[in-house]
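To keep things clear, I will list the structure first and then write my remarks on it.
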Amino acid sequence: MSLAPGVPASLAAAQVEFSAQLRASGTADESCSCGMTLYRKIIRENISDVLQTVFPLFCGKRDKSAIFPLVDRFVNQHHATQPEFHQIATELLLFLREKEPLSPYDLALVEYEWLTYAVEIDDGEVPFPQPIKPQTDRLNHVEVIPNPTLKIIALPFRLKEGEPCDEEIPLQHYYAIYRKHNHDIYQKRLHQTDAQLLSELNNQTVAVSLEQLHKHVARCFPELSLHLWLEANNNDELLSLKYRG
């Protein structure tokens, strides 16, 4: 632990002791002062609220008696650096990935729930959908803009009304998770081609012109009707077109 210049050794020692008591496992309550016991309880209850609010499907698969021990392990083992509510959700995801023995199914479930939450709080503004104009010769004057909240994930289960639909034989299913202009969150099942094209658009650091996309599709997906693909995804608000000039 690095100390700021001028911090008295006694204060530094007290900080270390305070942190140790706060992070100690639940059995430490018996040796703590009343104030520390109360503070430990409040911290764990707040984290439990985040866990059950952001990951309700994951928590619903577990006995309620298993929730507090999981939260206690998180406080004891994971040195989170971001204390805000939405950042604690991310710290919980990291902890579940790194420290908990999750099955591939459960790991995909918590990642799906975290992405849904991330889309919900994303401050990106989704434009009102506009009809696509007939294509012109000036394709380089049209930009293809992905939905600013768009997240794409591969899951080992299908989704039905936002919840897993278990299958006898797990398969990989691609989904777009995003927010529409009316602030509702949607999950749209994608074909592999959809997932690849939307991911490529989403990962670009600069806007892609319709001309560039047209050339890419002609080269890599010659069987795809780009106009129909754009129209369908524009109607679903996965992307929009920006006309310049």
When rounded to the nearest 0.5 angstrom, what distance separates [atom1] in [X] from [atom2] in [Y]?
| X | Y | atom1 | atom2 | answer |
| --- | --- | --- | --- | --- |
| S209 | H214 | OG | NE2 | 11.0 Å |
| L51 | I47 | CG | CD1 | 9.5 Å |
| I43 | D72 | CD1 | CG | 12.5 Å |
| R44 | D49 | CZ | CG | 14.0 Å |
| T53 | E113 | OG1 | CD | 11.0 Å |
| L201 | L150 | CG | CG | 9.0 Å |

Closest contact, heavy atoms only, [X] versus [Y]:
| X | Y | value |
| --- | --- | --- |
| I145 | A207 | CD1-CB, 4.4 Å |
| C165 | K160 | CB-CB, 4.3 Å |
| A108 | L155 | O-CD2, 3.8 Å |
| E237 | P129 | OE2-CG, 3.6 Å |
| S48 | I67 | OG-CG2, 3.7 Å |
| P164 | L109 | CG-CD1, 3.6 Å |

Taking [Y]'s backbone N and O only, do any of them form a donor-acceptor pair with [X]'s side chain (distance below 3.5 Å, no angle check)?
| X | Y | result |
| --- | --- | --- |
| N235 | E231 | yes |
| K242 | V142 | no |
| N182 | D184 | yes |
| N203 | S199 | yes |
| R179 | I185 | no |
| N202 | P146 | no |

Next on the checklist: Run V54 and V110 through side-chain contact (heavy atoms from CB on, under 4.5 Å) and show every step you take.
Outcome noted: CA-CA 9 Å; V54 178; V110 297; over 6 Å; no
Item to check | Summary of ring pair (Phe, Tyr, Trp, His ring centres under 6.0 Å) pairs that have at least one residue in residues 94-114, sequence neighbours excluded | outcome: F74-F95, Y105-F157
Item to check | side-chain hydrogen bond (donor to acceptor under 3.5 Å, both in side chains) contacts touching residues 143-158 (sequence neighbours left out) | outcome: E143-R244, N147-T149, R158-E167
Checklist entry - Per the side-chain contact (heavy atoms from CB on, under 4.5 Å) rule, which among R189, K188, Q187 passes with L159? => result Q187
Would [X] and [Y] show up in the same hydrophobic cluster when neighbours are defined by side-chain heavy atoms closer than 4.5 Å?
| X | Y | result |
| --- | --- | --- |
| V50 | L94 | no |
| F221 | L198 | yes |
| W229 | L139 | yes |
| L238 | V126 | no |
| I177 | I121 | yes |

Checklist entry - Any chance CD of E161 has more than 12 other-residue heavy atoms, nucleotides or ligands included, within less than 6.0 Å? => result no
Checklist entry - Do other residues, nucleotides or ligands put more than 12 heavy atoms under 6.0 Å from E98 CD? => result yes
Item to check | Results of side chain to side chain donor-acceptor pair (under 3.5 Å) for H216 - residues two or more places apart only | outcome: E200, R219
So do the side chains of [X] and [Y] get within less than 4.5 Å of each other, counting heavy atoms only?
| X | Y | result |
| --- | --- | --- |
| V71 | L92 | no |
| R73 | K99 | no |
| I152 | D194 | no |
| F58 | L70 | yes |

Item to check | Full working for side-chain contact (heavy atoms from CB on, under 4.5 Å) between I132 and Y243 | outcome: CA-CA 10 Å; I132 292 180; Y243 296 85; 3.7 Å; yes
Checklist entry - Salt bridge check: are R62 and D106 linked by an N-O gap of less than 4.0 Å? => result yes
Checklist entry - When you look at L102 and L96, which way does the side-chain contact (heavy atoms from CB on, under 4.5 Å) test go after all the steps? => result CA-CA 7 Å; L102 299 186; L96 292 170; 3.9 Å; yes
Item to check | side chain to side chain donor-acceptor pair (under 3.5 Å) evaluation trace for T116 with E120 | outcome: CA-CA 6 Å; T116 301; E120 182 180 358; over 6 Å; no
